[in-house]
Amino acid sequence: MHKKLLFSFLAIAISSYSTFAQQPKKPNSSEIYESIQKLNFLGSVLYVAAHPDDENTRLISYMSNHLKARTAYLSLTRGDGGQNLIGPEIRELLGVIRTQELLTARRIDGGEQRFTRANDFGYSKHPDETLEIWNKDEVLSDVVLAIRQFQPDVIINRFDHRSPGSTHGHHTSSAMLSVEAFDLANNASVYPEQLKTVSPWQPKRQFFNTSWWFYGSQDAFEKADKTNLLSIDTGVYFPLNGLSNPEIAALSRSQHKSQGFGSSGSRGEQMEYIELINGSLPTDKTNIFDGIDTSWNRIKGGKAIGDILYQVEKDYDFSNPSSSIPKLVEAYTLIQDLENEHWKTIKSEEIKNIIANCAGLFLEVVANSNHATANSKVPLSIEMINRSDANIMFTGLQLKDSGRKKRLYKRFPLKDNIEENLKDTILISSRQLPTTPYWLTKKGTLGMYKVEDKALIGHPETPREYTVTFKLEINQIPIEFTRPIVYKTNDPVKGEVYKPFEVIPEASAKVSEKVIIFENDQQKDIEVVVKSGKDNLEGYVQIAHPQDWNIYPEKQKVSIANSGQEQTLVFTVVPPKNQSEGLITPMVHVGDQVFTRELIEIDYDHIPFQTVLLPSESKIVRLDIKKRGENIAYIEGAGDVVPESLQQIGYNVVILKPEDINTETLSRFDAVVVGIRAYNTVENLKYKQQELFDYVANGGNMIVQYNTSRGLKTNNLAPYKLQLFRDRVTDEFAEVTFLSPEHPLLNYPNKITTKDFEGWTQERGLYFPNEWANEFTPLLSMHDKGETAKEGSLLVAKHGKGYYIYTGLSFFREFPAGVSGAYRLFANMLSIGKEDISTEESLKN
Ligand SMILES: [Zn+2]
């Protein structure tokens with residue numbers, strides 16, 4: 001039990017390094033040589049931070065490629081709270097992308113990747129708040145587990161554990177938990193349940209990866225006491241790759257494409273500083289491993305292995321790597337006798353890969369499709385080829401599929417450069433669950449993923465269920481090689497494209513829109529898209545809905561001929577008379593099964609193809625909303641879905657380009673709304689400010705949403721003085737008080753109450769101004785715990801005959817989440833000054 005679990009974790013970690021990507025890795029002679037150097041280094045470093053992209057890839061690449069150390073990055077979260085620059089995925093789907101971006105980055109810089117169950121819930125100002133929203137004990141337990149599994153000699157924290165409040169609360173928390181875990185990991189009475197699969201472990205040293213930035217200025221850093229600092233030149237050059245270490249690090253960092261962290265490498269000296277915070281200071285202040293035995297001698301029985309393998313490294317023939325095979329096989333045999341399970345598992349995997357690579361051994365199992373359903377048979381094409389004079393005998397295959405007899409294969413030799421092809425089939429068990437990221441299968445909390453199978457905690461991704469093991473004899477020694485089943489195809493543009501093989505449900509369904517707003521009691525049609533995971537799907541669809549809503553017809557038949565095809569059904573939704581909201585879920589009935597999940601495919605070139613199953617839910621909202629005006633001009637900024645949202649509540653929205661802004665065009669609109677960060681991102685908007693202000697003076701209505709205080713392209717943001725600041729209220733539950741309760745904006749045409757600030761998501765708002773002219777009336781006051789009141793979230797000024805409104809409230813987040821109060825408040829902003837048009841109705845209220 002103990003051995004098996006440990007093995008499966010490490011094997012996954014290592015195989016993900018080579019075969020999970022689109023293409024299997026095919027190392028060249030220099031790469032094989034480097035992997036032999038790594039085989040001969042028995043030291044480990046764990047780098048700890050909070051998010052994908054926090055990690056210092058220069059240092060990770062230096063440790064992995066220059067020191068040859070086993071190097072891992074423990075990212076406490078998967079980065080769900082970030083913004084996505086390359087596609088529509090946000091939240092948990094963005095977390096899936098950023099997980100894969102980290103894995104792709106590690107395949108380049110040579111590190112491994114780990115996580116905890118902590119969820120990136122968005123910006124947090126202080127570690128106290130972070131550790132309250134995360135389950136501190138669970139995250140600490142996961143950090144301790146990572147240390148016990150990985151057994152690092154050295155831990156390096158990206159952030160300073162002593163400076164709460166100076167950076168993102170997740171950052172400081174990652175360092176604080178790492179420091180706490182340094183002392184706890186070796187204490188057998190702490191998290192004793194972990195000790196069924198791992199042993200206590202004491203790392204030798206812990207550092208903080210500092211830089212001048214943490215000292216405030218380069219000057220302050222120059223003057224600082226550096227007694228406890230190690231300085232490392234990470235600018236080394238690798239002639240075998242033709243690249244400098246910073247160039248490799250830049251290639252790795254550039255994989256964070258969803259964050260837009262493309263990076264260019266540099267050449268020459270590149271200093272990194274790490275400050276000792278635990279353990280003893282090394283004598284050699286350039287070497288983190290100084291005084292730690294990182295040779296084969298560190299483990300019992302290791303010396304004999306080292307004697308062989310150091311010679312293999314010395315005698316390596318770059319033009320004929322296969323000449324190393326006999327000695328490697330000899331060392332492999334000795335490694336199997338090691339008592340130290342940890343190193344035995346790691347080094348067995350490493351040396352097996354090296355032996356295969358030295359022999360040019362290619363082993364692959366390709367399915368006829370990238371997906372199958374439970375209880376189906378999948379034909380497999382198997383390719384084996386040895387491209388060396390090594391003595392290799394094929395003795396059998398082991399397919400991981402339940403309930404079938406062992407296959408019998410004849411033994412035959414794999415001769416130099418002769419391809420062998422076999423056909424087989426694998427049976428997918430009727431109980432097999434579909435492939436999906438394991439941390440998303442159960443509903444977690446705001447701060448934590450829920451992982452029921454404890455053996456999966458820490459894994460970067462769900463281990464591949466279906467694999468094939470090739471049983472070979474190399475120089476008469478039995479060695480097994482396990483490969484995941486893959487799918488590949490040829491794309492006329494991209495060439496060979498690999499996809500992982502996955503199990504999907506027989507049916508999945510979604511409502512086309514995630515939020516459907518009903519601004520009155522009129523019914524709306526919705527589209528339900530059903531996707532089949534098998535041929536000849538027959539069934540019917542019903543929609544689960546809240547009691548006060550109606551959906552008809554009650555059920556509709558679905559009939560799909562081919563796996564992968566979709567059918568769209570139209571249902572009609574009848575909202576209730578009064579304000580109400582709830583969730584609807586399509587349910588596909590097939591035989592006696594009901595499928596209620598949505599299958600999401602994530603397909604980008606830089607990461608492996610992903611399928612994610614999530615509960616299929618759409619929010620329906622019946623608003624109690626009144627509005628004035630009809631035609632809205634929207635000036636786009638960094639990108640948001642506010643125009644679509646305003647259309648949903650019945651406005652006629654036109655996107656207005658800066659070059660089309662003029663008095664004549666503006667006169668056609670009842671209001672002009674400026675998209676988020678427009679004054680940070682749209683260069684020529686500044687030339688149109690005067691025309692916009694004139695439009696307001698003539699009775700128009702202008703609403704400007706948040707901009708960041710830094711990087712504004714104009715100082716002329718408003719007709720009156722307005723100073724943006726970094727004030728933000730990150731607590732979406734923060735109490736809101738009304739500074740001018742009688743102001744029309746809070747009363748007309750919708751009476752705004754504190755109830756309208758319920759159900760907000762992620763935050764209240766950001767970059768609130770902190771100084772404004774007397775012409776502005778601040779309407780709302782709010783603040784995060786322990787902070788002073790922030791009054792700049794919603795400012796309105798009468799200018800001439802019209803109104804100018806500046807707001808840092810996060811409407812761009814609340815609208816897509818269907819938050820009714822946000823719609824009602826925005827409708828008031830659009831309606832201000834239009835009271836007289838419909839005095840009659842306002843009198844009625
Ligand atoms: Zn971060």
Side-chain angles (χ1 to χ4, degrees), residues 46-60 72-86 89-92 94-106 109 111 113-134 136 139 142-143 146 155-179 207-214 249-250 252-263 272 274 439 446-449 460 708 710 726 728 730 762-763 766-767:
L46 183 66
Y47 196 88
V48 181
H51 306 118
D53 78 23
D54 285 344
E55 83 276 23
N56 180 343
T57 52
R58 280 194 304 269
L59 205 49
I60 289 176
Y73 172 39
L74 173 64
S75 176
L76 298 200
T77 76
R78 296 173 186 267
D80 298 27
Q83 283 168 26
N84 183 359
L85 294 186
I86 57 171
E89 298 86 359
I90 52 167
R91 304 235 173 161
E92 56 268 66
L94 179 59
V96 172
I97 292 176
R98 295 184 74 185
T99 295
Q100 291 300 326
E101 289 182 338
L102 278 181
L103 286 166
T104 305
R106 296 295 84 80
D109 60 37
Q113 186 58 50
R114 270 143 217 265
F115 293 93
T116 73
R117 286 170 288 171
N119 194 347
D120 175 7
F121 56 84
Y123 192 79
S124 177
K125 288 176 180 168
H126 201 276
D128 288 352
E129 183 207 41
T130 301
L131 295 173
E132 211 172 281
I133 295 177
W134 287 350
K136 190 211 158 184
V139 185
D142 291 359
V143 177
I155 294 177
I156 303 178
N157 298 337
R158 165 78 278 190
F159 299 103
D160 191 347
H161 62 291
R162 298 155 298 195
S163 56
S166 64
T167 172
H168 199 320
H170 298 177
H171 291 165
T172 314
S173 299
S174 74
M176 289 164 68
L177 293 172
S178 175
V179 169
F207 296 96
F208 155 47
N209 183 191
T210 189
S211 78
W212 68 262
W213 186 85
F214 291 96
S252 166
R253 186 148 186 84
S254 299
Q255 300 310 309
H256 291 300
K257 295 189 192 300
S258 66
Q259 301 299 298
F261 279 161
S263 164
E272 285 291 339
I274 55 174
W439 61 94
L446 176 63
M448 296 300 294
Y449 295 119
T708 62
R710 270 196 192 191
R726 292 197 316 272
R728 62 202 291 170
T730 60
Q762 193 151 343
E763 64 193 354
L766 62 175
Y767 290 98

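Just follow the structure's listing: the first ligand is 1, and inside any ligand the first atom is 1.
- The name of the N, O or S atom in Asp54 nearest to the Zn ion (ligand 1) is OD1.
- With Glu101 contributing its side chain and Ser258 its backbone, the two residues share a donor-acceptor pair below 3.5 Å.
- Taking 4.0 Å as the cut-off between side-chain N and carboxylate O, Asp53 and Arg98 count as a salt-bridged pair.
- For the side-chain hydrogen bond (donor to acceptor under 3.5 Å, both in side chains) test with Glu55, the passing option among Arg106, Gln113, Arg158, Arg253 is Arg106; the others fail.
- Close placement of the Phe214 and Phe208 rings is indicated, their centers lying within 6.0 Å of each other.
- Looking at His51, its N, O or S atom nearest to the Zn ion (ligand 1) turns out to be ND1.
- The Zn ion (ligand 1) has no N, O or S atom of His168 under 2.8 Å away, backbone or side chain.
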